[in-house]
2 protein chains.
Amino acid sequence: MAEKHGVSRMTARRALEALEAQGLVYSEDRRGRFVSPQRVKYDVSNMVSFVANAQANGTELEIEVISAGIAQTDATLARQLAVKQGEPIFEYTRLFRSGGHAIFIETEYVLAARFPKFLDCDLRQSTTRILESHYNTSPCSGDIVIRMRGVHEDEARYLGLAASQSGIELEQVICDDAGVPFCFGRQLWRGELAEFTARAIVNSQDSE
Amino acid sequence: MAEKHGVSRMTARRALEALEAQGLVYSEDRRGRFVSPQRVKYDVSNMVSFVANAQANGTELEIEVISAGIAQTDATLARQLAVKQGEPIFEYTRLFRSGGHAIFIETEYVLAARFPKFLDCDLRQSTTRILESHYNTSPCSGDIVIRMRGVHEDEARYLGLAASQSGIELEQVICDDAGVPFCFGRQLWRGELAEFTARAIVNSQDSE
DNA sequence: GGCGCTTTCTGGTATATACCAAATTAATTT
DNA sequence: AAATTAATTTGGTATATACCAGAAAGCGCC
């Protein structure tokens with residue numbers, strides 16, 4: 001490509017890196033560069049299973065469980081889940097793919113006391129579905145944070161990104177019908193593949 | 001910096017560019033590199049004025065009007081605002097800064113027929129406020145889309161970004177209490193400065 | 001047809017130069 | 001003291017090399 005256009009190879013690379021930074025193309029190490037696939041839509045206002053929703057939308061998702069285990073809440077987690085620090089929780093990380101392309105990597109935390117033997121379930125499906133069918137708990141409300149940030153090294157590896165690139169982080173706390181938080185999740189999306197939608201409705205009165 | 005660490009200048013530059021891509025530092029052309037300021041939070045579930053909300057949050061905002069005029073709806077705009085193509089609309093672009101730092105650039109469209117002489121108002125304030133006080137129209141619901149994308153050249157100039165960088169685009173359609181859309185806006189945020197929050201509540205029943 | 005080896009292709013990283021342009025700073029002049 | 005001018009600093013861009021490592025393709029062999 002460089003000699004075809006009479007520029008040096010470094011210049012050509014930088015041009016491609018620019019396209020990469022804009023999300024138009026992506027690169028697979030030592031395999032080649034390819035144009036990016038379509039975005040995956042995620043309606044964050046819709047608290048029903050993202051997986052089921054995506055599939056209804058015509059996007060088939062493959063879920064790979066990267067790790068799963070038990071841990072204790074640190075300060076941040078304790079605050080998010082409204083429990084005291086040191087509470088046992090199940091922690092599991094999953095990689096979501098669509099059509100062979102990594103879309104996002106997610107780490108979720110659920111309270112171990114409330115959902116015993118949670119990790120015995122097959123995690124290659126919607127968490128929402130597991131909690132509904134096995135524990136009779138459905139999501140009722142959720143708080144979501146979205147921001148763009150640089151990827152960590154391990155995230156970059158799973159997502160097939162260069163370590164210097166950025167993605168979109170989506171954090172959500174899911175609460176039951178009593179308003180009690182029971183699940184906290186943090187997703188890191190490949191930025192060029194993410195598209196979030198939300199519907200806002202003005203609360204007639206928002207006391208306190 | 002290069003000679004201090006015994007690497008070539010190009011290598012040092014690439015390292016700084018990586019930090020820049022991750023949003024940790026930013027560069028001002030021929031002035032220097034600086035660490036990035038704090039993020040600006042935006043609660044997209046809150047349909048009351050973003051400006052007022054930010055100020056209540058301790059963030060003072062400076063608004064610069066880049067351009068303002070009248071235009072006609074193209075296919076996309078007509079669909080978003082649920083009018084037929086060619087409808088006259090006011091179009092204005094504003095740059096939002098905080099503490100001297102450009103945060104995002106926004107282009108909004110309001111129906112000219114419904115809000116006559118809209119452009120005579122001082123646009124360096126919340127649109128919501130203008131519409132409420134002058135036209136007795138308040139936002140009631142809104143549809144929001146968030147995605148990461150590469151910046152265009154003119155956007156990059158206003159935001160002080162390199163043309164190859166990415167930002168976060170936020171589109172929103174604002175509807176009145178009758179569910180009729182009256183305003184469409186598209187914001188492009190510096191990715192490292194944006195933080196969006198939302199609150200999702202499961203609709204008991206979502207007919208059709 | 002499969003297996004293993006070698007070559008080629010492709011991307012990644014680091015370096016050394018050269019030159020440009022704007023912003024800042026220092027020096028000089030008025 | 002203010003204005004003008006020159007030097008310096010800083011970032012940006014383009015180029016030419018060199019070398020490394022993994023993936024893919026070609027090839028000979030069993």
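Here is the naming used below: chain letters follow the sequence lines, and residue numbers restart at 1 for every chain. Atoms considered below: every heavy atom in the structure, side chains included; atoms not considered: hydrogens, waters and symmetry mates. Source: prediction; values computed, not measured.
Residues passing the side chain to side chain contact (heavy atoms under 4.5 Å, CB included) test with D120(B), sequence neighbours excluded: K117(B). Considering only residues two or more places apart in sequence or on other chains, Y26(B) meets the side-chain hydrogen bond (donor to acceptor under 3.5 Å, both in side chains) condition with none of them. Scanning for side-chain hydrogen bond (donor to acceptor under 3.5 Å, both in side chains) contacts around R186(B) gives E171(B), with sequence neighbours left out. Applying the side chain to side chain contact (heavy atoms under 4.5 Å, CB included) criterion to S133(A), with sequence neighbours excluded, gives no partner residue. Residues meeting the side chain to side chain contact (heavy atoms under 4.5 Å, CB included) test with Q85(B), sequence neighbours left out: A75(B), A78(B). The side chain to side chain contact (heavy atoms under 4.5 Å, CB included) check on L19(B) picks up L16(B), L24(B), V25(B), with sequence neighbours excluded.
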All N/O donor-acceptor pairs, side-chain side in residues 60-71 of chain B, below 3.5 Å, sequence neighbours left out:
unit_1: E62(B); atom_1: OE2; unit_2: G99(B); atom_2: N; d: 3.2
unit_1: E64(B); atom_1: OE1; unit_2: R97(B); atom_2: NH2; d: 2.2

Using distance only, find each side-chain donor-acceptor pair of residues 49-59 of chain A under 3.5 Å and give its atom names and separation, not counting sequence neighbours.
unit_1: S49(A); atom_1: OG; unit_2: V51(A); atom_2: N; d: 3.1
unit_1: S49(A); atom_1: OG; unit_2: A52(A); atom_2: N; d: 2.8
unit_1: S49(A); atom_1: OG; unit_2: S126(A); atom_2: OG; d: 3.1

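For residues 52-82 of chain A, the set of pairs meeting the ring pair (Phe, Tyr, Trp, His ring centres under 6.0 Å) definition, not counting sequence neighbours, is empty.
Of the residues in residues 10-18 of chain B, those lying under 4.0 Å from DNA chain D by heavy-atom distance are M10(B), R13(B). Of the residues in residues 19-35 of chain A, those lying under 4.0 Å from DNA chain C by heavy-atom distance are S27(A), D29(A), R30(A), G32(A), R33(A).
Taking every nucleotide of DNA chain C with any atom under 4.0 Å from a non-hydrogen atom of chain A, the first and last of them, 5' to 3', are dT10(C) to dA14(C).
By the 4.0 Å N-to-carboxylate-O rule, R94(B) lies close enough to E108(B) to be salt-bridged with it.
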